[in-house]
Number of protein chains: 2
Amino acid sequence: MWRTFLWASRLLHESLDRQLQRDARMPHTYYVILAMLSEAPDRSLTMSELARLVQSSPSRLSHAVAKLEAQGWVSRCKRPGDARTNLARLTDEGYAVLVEAAPGHVEEVRRVLFDHLSPEQVRQLQAIFESVLAGLTSGNGD
Amino acid sequence: MWRTFLWASRLLHESLDRQLQRDARMPHTYYVILAMLSEAPDRSLTMSELARLVQSSPSRLSHAVAKLEAQGWVSRCKRPGDARTNLARLTDEGYAVLVEAAPGHVEEVRRVLFDHLSPEQVRQLQAIFESVLAGLTSGNGD
DNA sequence: CCGACTTAGTTGAGCGTTCAATCTTCCCCC
DNA sequence: GGGGGAAGATTGAACGCTCAACTAAGTCGG
């Protein structure tokens, strides 16, 4: 059972990554960053907030946003009032890229996961990973 | 629900990777390679067979085995009868490393996943990812 | 037997992630 | 208000993975 899960989730992630890399020239992680920004007020978030939202280390996010900024999809600026915090903001171009990529990605998610699940299994999965996630985010430090 | 699964499985993989990196100085992928070899007859497999078993691309496996060989945990030799096929074999030292690493890894898997699951949920997960895996391995090319 | 195709595996460049180190700015307490 | 530490964020090196190109060995048809 463990191996079934291991192989399936590995292949699942790889499949998503490949599809996005092919269709939108970006890894899945970057897509998630854009998606999170797009849902935020003013399409902008501090690096820390964003890192928490995408479950990413500060370092990874910093590298990622640097790349995204180089592509012109995100812009960074200091936040007034606290010179430490940086605001990452989704540009119009970045938003356009996201809108372009979203349908294909959603369909891929459906294809590799949800098409194989009954509504009840979706609920089961939700319940399972809610508790797993809770365990990982809180009791992580052991 | 999708995000719950996404975050949880990402954190889960990262948690395993970190634990193994810390305790056994190797990524999870390498551990799986060693584990598969250890279960094979004569502790050896051809690169292709091994690649299929660990759901890895030939390239990744080749790189990985090269590293493992450099560490002295795996040895490679041509198979008699077909000079193309390479046999990867777990060395005694590699086996020792695996035996050393296994308990901690198993416990980590339990801690991050199975501790949060009821027996019924384990069955549910099995059923779900069996069909997901089937979809990914066969209909992949679409 | 010889050229074309297939199979097995490797290699190198480019990219994303990690880890540790660093830097700046803010906060708090004396 | 000045020093110590915490918070926010970045950097660079090392490493694993991907993709595409490539080598070498087997196979098969004429």
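Letters A, B, ... mirror the listed sequences (proteins, then strands); counts begin at 1.
Distance A:His13 NE2 to C:dT17 C1': 15 Å, rounded to the nearest Å. As rounded to whole Å, 11 Å separates atom C1' of C:dT17 from atom CZ of B:Arg18. Distance CG (B:Leu87) to C1' (D:dA25): 15 Å, rounded to an integer number of Å. Between B:Asn86 atom CG and C:dT10 atom P there is a gap of 5 Å when expressed in whole angstrom units. Spacing between atom NE2 of B:His28 and atom C1' of D:dC17 amounts to 16 Å, rounded to whole angstrom units. As rounded to whole Å, 13 Å separates atom C1' of C:dC19 from atom CD of B:Glu14. Between B:Leu61 atom CG and C:dT11 atom C1' there is a gap of 14 Å when expressed in whole angstrom units. Taking atom CD of B:Glu69 as the reference point, atom P of C:dG9 lies 14 Å away to the nearest angstrom.
A close approach under 4.0 Å does not occur between any side-chain nitrogen or oxygen of A:Thr29 and OP1 or OP2 of C:dG16. Between A:Lys67 and the phosphate of C:dG16, there is a side-chain N or O to OP1/OP2 separation shorter than 4.0 Å.
The shortest side-chain heavy-atom distance between A:Leu133 and B:Arg3 does not fall under the 4.5 Å cut-off. B:Leu12 places a side-chain heavy atom less than 4.5 Å from the side chain of A:Leu136. Counting only heavy atoms from C-beta outward, the side chains of A:Phe5 and B:Gln126 never approach each other to under 4.5 Å.
Here A:Pro58 lies in heavy-atom contact (under 4.0 Å) with a base. Residue B:Gln21 is classed as having no contact, given no heavy-atom separation below 4.0 Å to the nucleic acid.
Within residues 72-84 of chain A, the residues that place at least one heavy atom under 4.0 Å from DNA chain C are, in residue-number order, A:Asp82, A:Ala83, A:Arg84. In the region residues 32-51 of chain A, proximity to DNA chain C at under 4.0 angstrom, judged on heavy atoms, holds for none of the residues.
Within 6.0 Å of the CD atom in B:Glu100, the count of heavy atoms belonging to other residues, nucleotides or ligands does not exceed 12. The number of heavy-atom neighbours closer than 6.0 Å to OH of A:Tyr95, taken from other residues, nucleotides and ligands shown, is 12 or below.
Looking at B:Asp17 and B:Arg22, no side-chain N of the basic residue comes within less than 4.0 Å of a carboxylate O on the acidic one, giving no salt bridge. Residues A:Glu130 and A:Arg123 are not paired through a salt bridge, judged by the lack of any N-O separation under 4.0 Å between the basic side chain and the carboxylate.
Taking the six-membered ring where tryptophan is involved, the planes of B:His28 and B:Tyr31 are essentially parallel, since the angle between them stays under 30° and well short of 60°.
A search for side chain to side chain donor-acceptor pair (under 3.5 Å) contacts involving B:Ser9 returns A:His13, not counting sequence neighbours.
Nearest-nucleotide assignment on DNA chain D puts the 5′-proximal partner with A:Thr85, out of A:His63 and A:Thr85.
A donor-acceptor contact under 3.5 Å is not formed by the side chain of A:Ser59 with the base of C:dT17.
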